[in-house]
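In what follows, residues are counted from 1 in the order of the sequence shown.
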Amino acid sequence: MWSHSKASFSDPGVVLQPKHNLDFSNNQIDTNAAMLENGVRNREWSICSKCETYRPPKAHHCRICRKCIRKMDHHCPWINNCVGEFNQKIHTVALLVEALLFGIFVTAVMTDQ
Ligand SMILES: [Zn+2]
Ligand SMILES: [Zn+2]
């Protein structure tokens with residue numbers, strides 16, 4: 001249960017909102033200036049129309065979390081959180097191991113009866 005709650009409350013890699021909201025009516029030059037202002041120099045960064053912010057490559061928007069998640073894998077309903085860059089390795093493995101142990105436990109109980 002501990003790792004379950006840890007995964008639920010930990011940050012999967014939420015893309016932080018910029019200090020200033022971006023004005024999409026700006027022309028290209030202003031957009032480039034805004035990108036530099038936000039420290040964004042990687043051209044592979046894209047703009048999320050829902051968050052109205054820049055996001056790094058491989059980041060995807062989660063409609064359930066209403067946030068962009070870095071290296072988003074999927075939204076996991078088990079932990080009610082996104083599985084992304086920061087929590088996919090540790091917590092997903094922990095959950096899988098627990099599920100496996102639980103399965104062995106249930107099988108053992110069933111076999112005893
Ligand atoms: Zn987004
Ligand atoms: Zn999500």
Visitor: Applying side-chain hydrogen bond (donor to acceptor under 3.5 Å, both in side chains), which residue pairs with at least one partner in residues 56-65 are found, sequence neighbours left out?
Guide: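 Those involving residues 56-65 do not exist here.
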Visitor: Hey, any chance Met72 and Val14 share a hydrophobic cluster, counting ILVMFWY side chains that come within less than 4.5 Å of each other, even indirectly?
Guide: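 Looking at the clustering, Val14 is in the same group as Met72.
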Visitor: Check for a donor-acceptor pair, side chain of Asn81 on one end and backbone N or O of Asn87 on the other, with a separation under 3.5 Å.
Guide: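 No; judged by distance alone, with no hydrogens or angles, the pair does not exist.
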Visitor: Set out, in order, the CA-CA distance, both residues' side-chain angles and the distance that settles side-chain contact (heavy atoms from CB on, under 4.5 Å) for His75 and Asn80, then state yes or no.
Guide: CA-CA 7 Å; His75 188 93; Asn80 192 33; 4.0 Å; yes
Visitor: First locate atom SG of Cys68, then atom CD of Glu52, and finally report the distance between them rounded to the nearest 0.5 Å.
Guide: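 Between atom SG of Cys68 and atom CD of Glu52 there are 11.5 Å.
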Visitor: Decide yes or no on side-chain contact (heavy atoms from CB on, under 4.5 Å) for Val15 and Arg70, but give the supporting numbers first.
Guide: CA-CA 6 Å; Val15 178; Arg70 299 166 69 97; 3.9 Å; yes
Visitor: Drop me the distance from Glu85's CD to Asp73's CG, to the nearest 0.5 angstrom.
Guide: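 The distance works out to 12.0 Å.
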Visitor: Hey, mind stepping through Arg66 and Ile64 against side-chain contact (heavy atoms from CB on, under 4.5 Å) and telling me if it holds?
Guide: CA-CA 5 Å; Arg66 293 179 191 171; Ile64 299 155; over 6 Å; no
Visitor: Could you tell me the separation between the OG1 atom of Thr53 and the NZ atom of Lys67, rounded to the nearest 0.5 Å?
Guide: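 Taking OG1 in Thr53 and NZ in Lys67, the distance rounds to 13.0 Å.
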Visitor: For residues Pro57 and Trp45, determine if any side-chain heavy atom of one lies less than 4.5 Å from a side-chain heavy atom of the other.
Guide: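 The answer is yes; the side chains approach within 4.5 Å.
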Visitor: Kindly compute the distance separating OH (Tyr54) from CD1 (Ile47), expressed to the nearest 0.5 Å.
Guide: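 Here the rounded value is 4.0 Å.
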Visitor: Return the minimal non-hydrogen interatomic distance between Pro12 and Cys82, and the atom names on each side.
Guide: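 Where Pro12 meets Cys82 most closely, the heavy atoms are CB-O, 3.0 Å.
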Visitor: What distance do Thr111 atom OG1 and Ile104 atom CD1 have between them, rounded to the nearest 0.5 Å?
Guide: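 Here the rounded value is 11.5 Å.
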